Engineer: 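First the structure, then my questions, so here it is.
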There are 2 protein chains.
Amino acid sequence: MSVPPPPSRLRAQKAVLPASAVPDGTRRRILEAALQLFASRGFHGASIRDLATALELRPSALYAHFPSKEHVLAELVRMGHEAHHEGLRTALLGAGSEPVEQLRALVRAHTLLHANHPQLAVVVNEEIHALPPELAAPSLALREQSAALLHAVIERGRAQGVFSVPHAGVTAAAISTLGLRLPYWYEPTAALDVDMLADLHVELSLRMLGVQGPPAS
Amino acid sequence: MSVPPPPSRLRAQKAVLPASAVPDGTRRRILEAALQLFASRGFHGASIRDLATALELRPSALYAHFPSKEHVLAELVRMGHEAHHEGLRTALLGAGSEPVEQLRALVRAHTLLHANHPQLAVVVNEEIHALPPELAAPSLALREQSAALLHAVIERGRAQGVFSVPHAGVTAAAISTLGLRLPYWYEPTAALDVDMLADLHVELSLRMLGVQGPPAS
DNA sequence: GCTATCTGAACGAACGTTCGTTTCGCAAGG
DNA sequence: CCTTGCGAAACGAACGTTCGTTCAGATAGC
């Protein structure tokens with residue numbers, strides 16, 4: 001075992017935290033480097049020493065900013081869930097009262113969040129299980145609230161007769177899933193930028209909901 | 001740190017290998033226990049000692065059957081990809097020549113495989129990144145072949161005018177994704193068994209492809 | 001008595017974490 | 001202007017534990 005290969009599961013390279021999240025400084029640098037490492041190797045696959053090396057620090061220096069490795073992950077997971085929930089909530093607020101427009105707004109926001117912050121999406125969705133229950137609980141609660149937003153819109157649309165779905169729960173899961181798997185295959189290009197991708201996901205979601213869309217090739 | 005909580009990311013409990021996979025014996029027991037552990041805690045989160053404990057063996061005994069921990073994972077990942085590819089290929093062979101029927105067969109097989117073997121699906125899709133490239137390569141090649149099957153059917157249907165999609169690649173990704181996220185939220189119930197779920201995924205896929213389905217509530 | 005299987009003990013390496021010390025920017029005091 | 005004191009941040013070394021793995025020897029079935 002001469003040189004360990006650098007295994008990575010993501011296409012994206014540079015880790016970006018949501019804008020308003022954390023003031024500049026070492027604490028932010030730690031979170032960004034940890035986001036990168038946890039996203040590409042997993043929480044258990046990335047050590048405190050790896051993290052310190054990436055930051056050009058000694059391992060002990062990290063403990064001036066976080067009480068443990070788990071707390072670094074917990075902070076990332078918390079930030080991710082808050083950014084996601086806030087994004088959905090804001091999108092919904094500006095979408096009027098029609099279920100179709102509300103769904104457009106939700107899917108668009110969901111897709112943009114996952115496309116623009118792929119590492120955070122991966123860490124939030126996979127590494128949360130590495131947290132002890134008391135650190136994961138707040139994020140799991142937020143996640144349920146976000147899922148409830150989508151469910152409510154679908155149910156309202158169904159009640160009004162504008163959506164026609166064979167199974168609301170499975171359809172909601174399918175729509176969520178569109179965004180959740182994005183980090184594993186998508187990267188922005190000129191031929192398919194995030195905006196086009198969001199439009200496509202909106203179109204696919206409306207089709208699943210039985211809403212007639214514009215004709216496609 | 002008195003008792004470590006048993007974190008798990010899957011709803012399913014009992015690990016089941018595809019039928020024809022491995023002859024009975026200790027080797028099979030090891031694979032099944034490893035599948036369970038790797039699926040619920042991740043490769044790096046489950047140790048050789050955890051695995052030995054689950055099998056009521058001493059850690060050293062495992063090395064009579066596998067040369068390393070990585071090779072256990074590699075075997076699981078290989079089996080998973082082969083079962084998946086074989087399942088898709090067989091389904092396609094029995095589906096005639098009409099793109100709609102071929103797509104039904106592919107989506108149905110894809111969904112059933114993921115619903116019936118959730119742990120294997122998780123290990124195959126997430127823990128493959130813990131393998132060195134030379135152990136992962138054969139499985140990644142198989143994965144591309146499986147994706148190509150779906151792409152080919154979609155392209156043929158589009159050429160024949162029976163599918164109408166805004167973007168073939170994104171739609172194919174969306175259809176694959178339906179199955180891939182299953183292990184994280186689905187478990188079979190009387191109200192929604194695997195067969196109904198497969199039918200629903202077929203219906204959703206056809207809707208995304210612009211094929212008129214039966215009316216739904 | 002050969003082969004396959006498992007045990008028990010041990011190896012070096014890596015793990016997360018702790019702790020006393022050092023470094024450094026900066027404001028206050030003479 | 002120089003010194004002093006201080007708090008924050010990082011260092012360097014070490015801790016106890018767990019990691020994956022090795023290997024000589026015990027055990028058992030053919």
Side-chain angles (χ1 to χ4, degrees), chain A residues 1-7 22-35 37-38 40-77 123 127 129-132 134-136, chain B residues 1-7 22-35 37-38 40-77 123 127 129-132 134-136:
Chain A
M1 192 187 304
S2 54
V3 173
V22 182
D24 282 8
T26 305
R27 183 180 167 91
R28 173 165 199 141
R29 287 183 61 230
I30 293 175
L31 286 172
E32 286 178 341
L35 176 56
L37 277 174
F38 293 167
S40 73
R41 304 190 209 168
F43 178 71
H44 291 300
S47 72
I48 284 284
R49 285 170 176 81
D50 294 334
L51 183 53
T53 299
L55 290 161
E56 296 184 284
L57 286 177
R58 259 30 72 187
S60 52
L62 304 178
Y63 289 85
H65 304 273
F66 291 93
S68 79
K69 185 190 175 192
E70 271 181 353
H71 281 80
V72 178
L73 173 62
E75 177 67 4
L76 287 173
V77 168
V123 167
E127 307 303 332
H129 306 101
L131 289 176
E134 68 269 21
L135 285 180
Chain B
M1 193 188 304
S2 54
V3 174
V22 182
D24 281 10
T26 305
R27 184 181 167 90
R28 171 163 201 142
R29 286 184 59 232
I30 293 175
L31 286 172
E32 285 177 341
L35 176 56
L37 278 174
F38 293 166
S40 74
R41 302 188 209 171
F43 178 72
H44 291 299
S47 72
I48 285 283
R49 283 169 177 83
D50 294 333
L51 183 52
T53 301
L55 290 161
E56 296 186 283
L57 286 177
R58 259 33 69 190
S60 51
L62 304 178
Y63 289 84
H65 303 274
F66 291 92
S68 78
K69 185 190 176 192
E70 271 181 354
H71 281 82
V72 179
L73 173 60
E75 177 69 5
L76 287 172
V77 168
V123 168
E127 307 303 333
H129 306 100
L131 289 177
E134 69 269 21
L135 285 180

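Only this structure's heavy atoms are used, side chains among them; waters, hydrogens and symmetry mates stay out. Each chain gets a letter, A, B and so on, in the order its sequence line appears, and its residues count up from 1. Keep in mind that what you see is a predicted model, and the values were worked out from it rather than measured.
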Engineer: If I take atom CD1 from residue I48(A) and atom CG from residue L57(A), how far apart are they, to the nearest 0.5 angstrom?
Structural biologist: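 Answer rounded to 0.5 Å: 11.5 Å.
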
Engineer: May I have the distance from L57(A) (atom CG) to dA8(D) (atom C1'), rounded to whole angstrom?
Structural biologist: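 It is 14 Å, rounded to the nearest whole Å.
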
Engineer: Considering only residues two or more places apart or on different chains, which pairs with a residue in residues 65-74 of chain A satisfy salt bridge (charged side-chain N to carboxylate O under 4.0 Å, His left out)?
Structural biologist: none

Engineer: R41(A) CZ to dA14(C) C1': how many Å, rounded?
Structural biologist: 14 Å

Engineer: Strictly under 4.0 angstrom, non-hydrogen atoms only: write out the protein contact profile of nucleotides 18-25 of chain D, one letter per nucleotide from the 5' end, B, S or -.
Structural biologist: -BBBBB--

Engineer: Could you check how far CZ of R58(B) sits from C1' of dT7(C), rounded to whole Å?
Structural biologist: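 Atom-to-atom, R58(B) to dT7(C), this comes out as 7 Å.
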
Engineer: Is the shortest side-chain heavy-atom distance between F66(A) and L31(A) below 4.5 Å?
Structural biologist: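 Yes, close enough: below the 4.5 Å cut-off.
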
Engineer: Would you indicate whether the side-chain heavy atoms of E127(A) and V77(A) approach each other to under 4.5 Å?
Structural biologist: no

Engineer: CZ of F66(A) versus C1' of dG16(C): gap in Å, rounded?
Structural biologist: 16 Å

Engineer: Can you pull out every side chain to side chain donor-acceptor pair (under 3.5 Å) where at least one residue sits in residues 44-65 of chain A? Sequence neighbours excluded, please.
Structural biologist: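 Qualifying pairs, neighbours excluded: R41(A)-D50(A), S47(A)-D50(A).
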
Engineer: Rounding to an integer number of Å, can you tell me how far E56(B) CD sits from dT5(C) P?
Structural biologist: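 The answer, rounded to whole Å, is 19 Å.
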
Engineer: Calculate the interatomic distance between I30(B) atom CD1 and dT5(C) atom C1'; express it in whole Å.
Structural biologist: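 It is 11 Å, rounded to the nearest whole Å.
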
Engineer: Got a sec, which residues hit salt bridge (Lys or Arg N to Asp or Glu O under 4.0 Å) with R27(A), two or more places apart in sequence or on another chain?
Structural biologist: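 Scan of R27(A) (salt bridge (Lys or Arg N to Asp or Glu O under 4.0 Å), adjacent residues dropped) gives E75(A).
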
Engineer: Is there a side-chain contact between V72(B) and L62(B), using heavy atoms and a 4.5 Å cut-off?
Structural biologist: no

Engineer: Kindly write out the residues that satisfy side-chain hydrogen bond (donor to acceptor under 3.5 Å, both in side chains) with S68(B), not counting sequence neighbours, or none if the list is empty.
Structural biologist: H71(B)

Engineer: Would you tell me if any nitrogen or oxygen in the side chain of H65(B) comes within less than 4.0 Å of OP1 or OP2 on dA4(C)?
Structural biologist: no

Engineer: Return the polar atom pairs (N/O with N/O) between nucleotides 27-30 of chain D and the protein under 3.5 Å, or none.
Structural biologist:
none

Engineer: What's the spacing between L73(B) CG and L37(B) CG if we round to 0.5 Å?
Structural biologist: 12.0 Å

Engineer: In whole angstroms, how far is the P atom of dA14(C) from the CG atom of L51(A)?
Structural biologist: 18 Å

